[in-house]
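See below for the structure under consideration.
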Amino acid sequence: MAKTKSKSKGRPKLAFYWAASCGGCEITIVELGMRLVEASELVDIVFWPCIMDFKYSDVESLEDGEITACFFNGSIRSSENEHMAKLLRRKSQVMLSFGACSHMGGIPGLANFYDADSILERVYDTVPSLDSSRGTRPTPTIGAPGEIEIPTFYERVKSLAQAVDVDYLMPGCPPVADQVWKVLQELLSGQLPAKGAVVGAESKNNCDVCPRQKGGSRQRVKGFKRPHEVELDPHTCFLTQGVICCGPVTRAGCGLPCIRGNMPCRGCYGPPDGVLDPGAKLMSVIGALVDTDEPEKLKEILDTIVDPAGLSYRFGLANSILSELKYGPDPALRTAVCPRDQSRKEGALSPVTSEKASCLSPPRGHILSPALREESHKGDIYD
Amino acid sequence: MSCTEAIEAFADQVRAVPGGEYLEMCYSCGTCVSKCMIQQKVEPAYNPRRLLHMVMMGMREEAFKSPTTWLCSACDLCYPACPQKIRISGVVAAVKRLAVEAGYESPLETASVDESMCSGCAICVMVCPYEAPHLIEKEVEGQIDSLSEVDPAKCMGCGTCVGACPLGAIGFKGSSNQEVRRQIQVKRQKKNVPRLVTFVCDWCLRAEEDLSLLESYPENVRVIHIPCAGRIDPEMAVTALHSGIEGVLVCGCAPGECHYKRGTYVGRCKIDLLSRLCHPMSVARDRVRFVQIGTQDRGRIRNEVDAMLGSLVVQKEAR
């Protein structure tokens with residue numbers, strides 16, 4: 001399906017790349033099945049190292065903007081990830097942040113709870129399954145024989161939009177194959193929304209589509225439990241059963257595989273329109289649900305929540321507001337946060353505007369056009 | 001129907017509603033009025049004693065129109081003080097129920113739901129201290145959708161639902177998170193002066209001096225009034241910190257004195273949980289604080305704000 005340049009002149013060119021990720025996003029593309037074969041008749045896949053033997057030089061030899069669209073999954077953990085993100089950005093007309101890691105930092109983003117040194121110490125010194133007597137640590141360059149360079153391990157994990165300019169964000173761990181197919185078709189027909197939009201997902205939260213029986217008046221929580229500690233009723237809302245579900249602060253679009261499997265939502269689709277920080281917002285929901293009839297027991301009830309930070313930022317730590325507070329302001333994140341807010345101000349359901357952009361001439365500039373960005377900042381605290 | 005019968009009829013009606021049975025025990029001492037925050041802060045004509053008397057006198061229309069009927073939030077500050085141990089809020093609620101049945105409407109600004117945003121998650125239903133929201137099935141854009149609806153007769157305007165709604169679908173005019181964030185902007189004056197945003201519950205400060213103190217703070221202390229500590233949203237606090245403000249202080253009522261039953265506890269839980277998010281991300285817990293100010297704590301707000309500013313200066317120097 002690839003490297004058939006002579007036959008395929010003029011066909012849209014696609015690239016798939018993985019940075020710091022598990023490979024699940026690649027599997028979701030394979031899950032397209034026969035549709036992938038169908039697509040390969042229409043497009044050229046010029047770069048997909050997970051599936052075939054491609055080299056960096058294959059990308060470097062392309063003209064700038066020659067790739068129609070790049071599906072980039074995985075977060076930015078090392079200098080190599082960032083290098084490839086920048087290279088692919090330059091070579092691609094549309095840069096699509098594909099999957100939760102690329103969208104928000106994902107599971108690798110949880111490393112932002114620690115600093116790089118303590119991570120390396122754990123992995124190379126104190127982990128019990130390792131003989132650490134040699135004190136080996138990765139160093140960016142090794143002298144003999146001949147100079148070898150390995151990528152630098154960054155202090156923090158970044159989402160793709162925190163490293164390069166991104167056109168569209170496609171959430172999910174991994175994105176659902178049907179949604180991938182839909183987005184691919186939209187991409188090829190030039191039907192994509194305005195730059196900066198979240199694609200392949202809905203605008204509201206999971207509760208909107210969740211079939212479970214919702215809570216009633218005064219139905220509050222006297223103690224939180226983890227899913228394995230309780231026999232869960234498959235027909236009622238997890239929150240009413242005292243199990244924390246990220247559904248209220250998570251964008252719909254996945255088709256609820258976890259919830260249908262009687263497991264609470266873990267939040268991989270990221271925040272819906274209007275939510276700036278899913279973790280803080282989840283705490284607002286959970287805090288209000290605590291049963292307050294016996295005030296002296298409040299702390300006891302809150303103590304039953306194991307690892308609230310990991311729970312509420314399981315996928316979204318790297319591009320959360322808290323991450324910014326730790327590592328300092330990041331202009332890229334700021335614009336990634338603002339469009340949702342802007343859409344809310346205008347009462348729109350989604351940041352997707354009616355203006356459609358063709359994939360062959362994507363709007364340039366940042367996630368938002370300068371005019372729109374200025375508008376979105378007007379009167380908000382991000383001034 | 002004779003005059004006496006009419007009087008008896010109304011009083012009997014009130015007595016028949018659960019909570020109204022204490023009516024007869026009131027001997028009009030007025031202790032309840034001295035405890036009531038509404039009488040002091042909102043409506044000087046507010047007077048539970050008189051309302052109970054009106055009911056006993058059969059003054060039906062007057063009782064239904066009285067602000068007392070509609071403004072009582074059942075905080076029950078008066079209850080422990082009443083020498084007759086009357087649950088006055090219960091009697092007022094009974095009158096209110098009859099008033100609603102007679103077609104009277106609440107004069108309060110009550111919460112409303114934006115149907116285009118509501119996802120029907122029922123969080124508002126679960127958190128409301130007054131059982132005002134409930135889910136309804138409604139046709140929106142050709143599809144049957146489950147949505148929340150607020151009963152204006154029950155809503156007291158505390159905003160606990162507004163803080164908890166994940167999509168910002170429920171609210172009052174001009175009190176969305178967006179609006180509050182707009183108020184948060186504090187311009188930096190001097191380099192070493194820390195900036196503080198103080199969210200103050202409308203009910204926790206009683207003394208005139210404390211209220212006027214809030215007006216007199218310099219630019220670096222921004223005071224934002226919220227109806228109840230239950231309205232606070234940790235997201236507002238983190239966006240404040242994100243915009244460069246050093247500290248966020250949230251003031252609610254003392255335990256047992258919350259004007260909206262559970263708001264101050266809700267606020268406490270939310271800020272406690274937020275600090276549990278901040279700590280692993282090396283954001284000092286002290287940057288967001290929650291204090292509960294009681295009716296007896298005259299002048300405490302000044303100490304709390306000063307202490308907070310002091311600790312922010314220390315933290316700043318340490319960094």
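Basis for what follows: all heavy atoms, side chains included, without hydrogens, waters or symmetry-related copies.
Both the backbone and the side chain of R218(A) have a heavy atom closer than 4.5 Å to some heavy atom of chain B. Contacts of S312(A) with chain B are made by side-chain atoms alone, with heavy-atom separations under 4.5 Å and no backbone atom involved. With a threshold of 4.5 angstrom between heavy atoms, V238(B) approaches chain A through its backbone and through its side chain. For I301(A), no part lies under 4.5 angstrom from a heavy atom of chain B. Proximity to chain B (any heavy atom under 4.5 Å) is shown, for Y114(A), by neither the backbone nor the side chain. Looking at L298(A), the atoms closer than 4.5 Å to chain B (heavy atoms on both sides) all sit in the side chain, from C-beta outward. Proximity to chain A is limited to the backbone of C165(B), based on heavy atoms less than 4.5 angstrom apart. For L147(B), no part lies under 4.5 angstrom from a heavy atom of chain A. For a residue to count as touching a neighbouring chain, one of its non-hydrogen atoms must lie under 4.5 Å from one of that chain's; by this rule P280(B) touches chain A with backbone and side chain alike. Proximity to chain A involves both the backbone and the side chain of L241(B), based on heavy atoms less than 4.5 angstrom apart. Only the backbone of C118(B) comes within less than 4.5 Å of a heavy atom in chain A; its side chain stays farther off. Contacts of D303(A) with chain B are made by both backbone and side-chain atoms, with heavy-atom separations under 4.5 Å.
For the atom pair CG (L325(A)) and CE (M281(B)), the distance works out to 8.5 Å, reported to the nearest 0.5 Å. In this structure, CG in L317(A) is found 10.0 Å from CG in L277(B), a value given to the nearest 0.5 Å.
A distance-only check finds a donor-acceptor pair linking the side chain of R262(B) to the backbone of V290(A) [under 3.5 Å]. Looking at R276(B), its side chain never comes within 3.5 Å of a backbone N or O of D307(A) through a donor-acceptor pair. A donor-acceptor contact shorter than 3.5 Å links the side chain of E235(B) to the backbone of D277(A).
Environment of CD in Q296(B): sparse, with no more than 12 heavy atoms of neighbouring residues, nucleotides or ligands closer than 6.0 Å.
Of the listed residues G244(B), S176(B), C121(B), G263(B), the one with more heavy-atom pairs under 4.5 angstrom with chain A than any other is C121(B).
Just one residue in the list M236(B), H242(B), R181(B) forms a side chain to side chain contact (heavy atoms under 4.5 Å, CB included) with L276(A), and that residue is R181(B).
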Let's go through V127(B) and V285(A) carefully: what are the C-alpha distance in whole Å and the side-chain angles of both, what is the deciding distance for side-chain contact (heavy atoms from CB on, under 4.5 Å) to 0.1 Å, and is it a yes or a no?
CA-CA 9 Å; V127(B) 305; V285(A) 173; over 6 Å; no
Run the numbers on L282(A) and L273(B) for side-chain contact (heavy atoms from CB on, under 4.5 Å), then give the verdict.
CA-CA 10 Å; L282(A) 185 66; L273(B) 286 171; over 6 Å; no
